[in-house]
Asks: 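One structure, pasted below without further comment.
Every chain is numbered from 1, with letters handed out A, B, ... down the list of sequences.
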2 protein chains.
Amino acid sequence: MPGGNCQRQEWWHGKFRCCGYRLTLGREAILDILSKSEGHLSAEDVYMKVHPKYPNVGLTTIYRTLNVLSNLGIVCKLDFGDGRSRYELAEGTEDTHHHHHLVCTNCNKVIDYTDFIDEELELLRKTEKGLGAKYNFKITNHIIQFYGLCDKCSGKE
Amino acid sequence: MPGGNCQRQEWWHGKFRCCGYRLTLGREAILDILSKSEGHLSAEDVYMKVHPKYPNVGLTTIYRTLNVLSNLGIVCKLDFGDGRSRYELAEGTEDTHHHHHLVCTNCNKVIDYTDFIDEELELLRKTEKGLGAKYNFKITNHIIQFYGLCDKCSGKE
DNA sequence: TTATTAATGGAAACCATTTTCATTAAGGAG
DNA sequence: CTCCTTAATGAAAATGGTTTCCATTAATAA
Ligand SMILES: [Mn+2]
Ligand SMILES: [Mn+2]
Ligand SMILES: [Zn+2]
Ligand SMILES: [Zn+2]
């Protein structure tokens with residue numbers, strides 16, 4: 001089996017090491033799940049997916065790790081207003097790309113979209129610069145989200 | 001005293017009546033507070049302001065009323081990521097105008113801004129139309145928020 | 001005025017997340 | 001490799017904003 005035990009370093013190992021974080025089984029498992037699933041998992045979702053393979057990784061560790069990953073900029077913590085935080089791999093990691101979200105207020109379906117992203121980015125740049133100057137505010141982050149009814153939910157009225 | 005006891009109807013009475021909601025002392029008190037204070041009050045903030053004058057209005061009623069007002073479109077429910085919902089009079093009521101928010105992630109200060117609002121609205125219209133068509137999604141609402149450090153918090157590093 | 005039933009307050013429940021604390025194990029030194 | 005320091009962990013308990021329950025009150029229409 002070629003490449004079998006060449007223990008290639010995952011891309012996140014560097015970030016961990018240089019910040020003094022230890023590489024534990026739980027953390028690897030969580031990152032592994034996040035890479036393989038697509039988007040918007042809650043802490044419990046992650047737990048459910050990690051548990052079968054690693055039954056001794058507790059929910060507390062999921063929360064703690066997601067927090068660390070979020071601080072490291074490896075994952076994004078999202079809020080779609082359903083009372084629990086959701087997480088996705090951050091832009092730039094793996095093959096993730098900059099996008100925003102369309103949220104159905106009825107069934108909680110979430111659509112990633114990238115349409116008009118260039119115009120958005122242009123406006124964001126302008127706004128960040130303008131507001132930064134005017135209010136002396138150092139902007140590090142932004143949220144753009146649209147809420148409404150998805151095709152199914154608006155159909156059945 | 002001219003106009004003293006002419007019991008003029010507040011602007012929200014109509015909205016209440018036509019939806020079958022009763023006009024209670026608690027609801028009037030809460031709307032009164034919301035009109036007089038400016039922006040971003042938590043349920044408990046409202047409770048604190050209502051309590052001195054109406055000690056028999058409970059926190060539960062504050063939550064329930066804010067919920068009703070939110071459903072009626074009279075107030076906006078906001079989330080700045082500090083673990084509690086915040087409320088402000090909706091656009092179009094009183095002298096409130098369309099604006100978005102700048103949130104300090106360190107001290108939780110919130111700045112209302114209206115700069116670039118025209119470009120924003122233009123983009124929003126375009127996006128809503130485009131996404132509505134593409135995903136057959138009926139957009140009713142949006143969030144735009146910037147996060148970062150305010151002048152004081154970025155100064156003291 | 002009376003009847004109907006929406007609205008209410010207080011206590012308890014809810015539930016995502018955090019804290020506590022005793023135990024485990026990652027990773028550097030030798 | 002072994003030993004040592006201490007970061008990381010799991011389970012249980014605590015936290016805290018919000019909701020639910022239920023007996024009581026009061027807004028509104030007849
Ligand atoms: Mn996404
Ligand atoms: Mn505001
Ligand atoms: Zn839907
Ligand atoms: Zn600040």
Side-chain angles (χ1 to χ4, degrees), chain A residues 7 9-10 12-31 33 40-48 50-72 74-75 77-87 108, chain B residues 7 9-10 12-31 33 40-48 50-72 74-75 77-87 108:
Chain A
Q7 73 251 38
Q9 301 277 70
E10 295 289 350
W12 61 74
H13 286 200
K15 280 208 171 182
F16 266 85
R17 283 259 152 66
C18 77
C19 296
Y21 288 111
R22 293 180 181 177
L23 279 167
T24 67
L25 215 84
R27 287 173 176 176
E28 300 254 31
I30 291 166
L31 269 163
I33 286 301
H40 319 142
L41 278 62
S42 67
E44 197 168 1
D45 289 340
V46 174
Y47 177 72
M48 291 311 206
V50 167
H51 194 70
K53 216 171 180 180
Y54 303 89
N56 41 356
V57 171
L59 184 55
T60 310
T61 291
I62 307 282
Y63 275 106
R64 276 188 289 227
T65 300
L66 287 173
N67 210 37
V68 167
L69 294 177
S70 180
N71 291 146
L72 286 177
I74 294 175
V75 310
K77 189 174 183 178
L78 306 170
D79 173 17
F80 298 139
D82 66 340
R84 72 197 59 199
S85 293
R86 302 196 164 264
Y87 303 84
N108 293 321
Chain B
Q7 71 248 44
Q9 302 277 69
E10 294 289 350
W12 60 75
H13 286 199
K15 279 206 172 184
F16 266 85
R17 284 260 152 65
C18 78
C19 295
Y21 288 112
R22 294 181 180 175
L23 278 167
T24 66
L25 213 85
R27 287 174 176 174
E28 299 252 33
I30 291 165
L31 268 163
I33 286 301
H40 320 139
L41 276 64
S42 67
E44 198 170 358
D45 289 340
V46 175
Y47 177 72
M48 291 310 207
V50 167
H51 193 70
K53 215 170 179 182
Y54 303 89
N56 41 354
V57 171
L59 184 56
T60 310
T61 291
I62 306 282
Y63 275 106
R64 276 188 292 228
T65 300
L66 288 172
N67 211 37
V68 167
L69 294 177
S70 181
N71 291 145
L72 286 178
I74 295 175
V75 311
K77 189 175 182 177
L78 308 169
D79 174 17
F80 298 139
D82 66 339
R84 72 198 60 198
S85 293
R86 301 195 166 264
Y87 303 84
N108 293 321

Asks: What is the distance, rounded to the nearest whole Å, between atom CZ of A:R86 and atom C1' of C:dT17?
Replies: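 Rounded to the whole Å, the gap is 15 Å.
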Asks: Whole angstroms only, please: what is the CG-P distance between B:L59 and C:dA7?
Replies: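 Going from CG in B:L59 over to P in C:dA7 covers 18 Å.
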Asks: Rounded to the Å, how far apart are A:Y87 OH and C:dT17 C1'?
Replies: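 The answer, rounded to whole Å, is 9 Å.
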Asks: Rounded to whole angstrom units, what separation is found between the CG atom of B:D79 and the C1' atom of D:dG17?
Replies: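 Interatomic distance, CG of B:D79 to C1' of D:dG17: 12 Å.
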Asks: If you look at every heavy atom in B:F16 and B:R22, which pair is closest and at what distance?
Replies: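 The answer is CD2-O, 3.8 Å.
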Asks: At under 4.0 Å, does any side-chain N or O of B:Y63 touch on OP1 or OP2 of D:dT19?
Replies: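 No, B:Y63 has no side-chain N/O under 4.0 Å of OP1/OP2 on D:dT19.
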Asks: Which part of the nucleic acid, if any, lies within contact of B:T60, taking any heavy atom under 4.0 Å across all strands shown: a base, the sugar-phosphate backbone alone, or nothing?
Replies: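 Base, at least one base atom sits under 4.0 Å.
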Asks: State, yes or no, whether a side-chain contact exists between A:V46 and A:T65 at a heavy-atom distance under 4.5 Å.
Replies: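 No, side chains not in contact.
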Asks: Round to a whole Å and report the spacing from CG of B:L66 to P of D:dT19.
Replies: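 So the CG-P distance, B:L66 to D:dT19, works out to 10 Å.
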Asks: Start at the 5' end of DNA chain D and walk down; is the nucleotide closest to A:Y21 or to B:S85 reached first?
Replies: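 Its nearest nucleotide being more 5', the pick is A:Y21.
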Asks: DNA chain C: A:K77 or B:T65, which has the more 5' nearest nucleotide?
Replies: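 The residue whose closest nucleotide sits nearer the 5' end is B:T65.
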Asks: Can you tell me if B:T24 touches the phosphate of C:dT8, counting only side-chain N or O atoms and a distance under 4.0 Å to OP1 or OP2?
Replies: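 Yes, B:T24 has a side-chain N/O under 4.0 Å of OP1/OP2 on C:dT8.
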Asks: Once you round it to whole Å, what is the distance between P of C:dA26 and NE2 of A:H13?
Replies: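 Atom-to-atom, A:H13 to C:dA26, this comes out as 13 Å.
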Asks: Under 4.0 Å between any heavy atoms, over every strand shown, what does B:S42 touch: base, sugar-phosphate, or nothing? Just pick one.
Replies: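 The answer is nothing, as B:S42 stays clear of every strand by at least 4.0 Å.
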Asks: Round to the nearest Å and state the distance from A:L23 atom CG to C:dT24 atom P.
Replies: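 Nearest whole value for this atom pair: 22 Å.
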Asks: Hey, does B:W12 have a side-chain heavy atom less than 4.5 Å from the side chain of B:L72?
Replies: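 Result no, sub-4.5 Å side-chain heavy-atom pair not found.
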Asks: In whole Å, what is the span from the CZ atom of B:R64 to the C1' atom of D:dA26?
Replies: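 It works out to 14 Å between those atoms.
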Asks: Give one of base, sugar-phosphate or nothing for B:R22, where a contact means two heavy atoms less than 4.0 Å apart.
Replies: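 Base, at least one base atom sits under 4.0 Å.
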Asks: Indicate, with a heavy-atom threshold strictly under 4.0 Å, whether A:R27 touches base, sugar-phosphate, or nothing.
Replies: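 The answer is sugar-phosphate, as A:R27 gets under 4.0 Å only of primed atoms, P, OP1 or OP2.
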Asks: Rounded to the nearest 0.5 Å, what's the gap from CD1 on A:I33 to CE on A:M48? Could you check?
Replies: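 Answer rounded to 0.5 Å: 13.0 Å.
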Asks: Of A:G20 and B:N67, whose closest DNA chain D nucleotide lies nearer the 5' terminus?
Replies: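 Mapping each residue to its closest nucleotide by heavy atoms, the 5'-most match is A:G20.
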Asks: Considering every strand and a 4.0 Å limit on heavy-atom distances, what is the contact class for A:L25: base, sugar-phosphate, or nothing?
Replies: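 Answer is nothing: A:L25 stays at 4.0 Å or more from every strand.
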Asks: Just by distance, no angles: are the side chains of A:S70 and A:N67 close enough, under 3.5 Å, to form a donor-acceptor pair?
Replies: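 Absent: no donor and acceptor within the cut-off.
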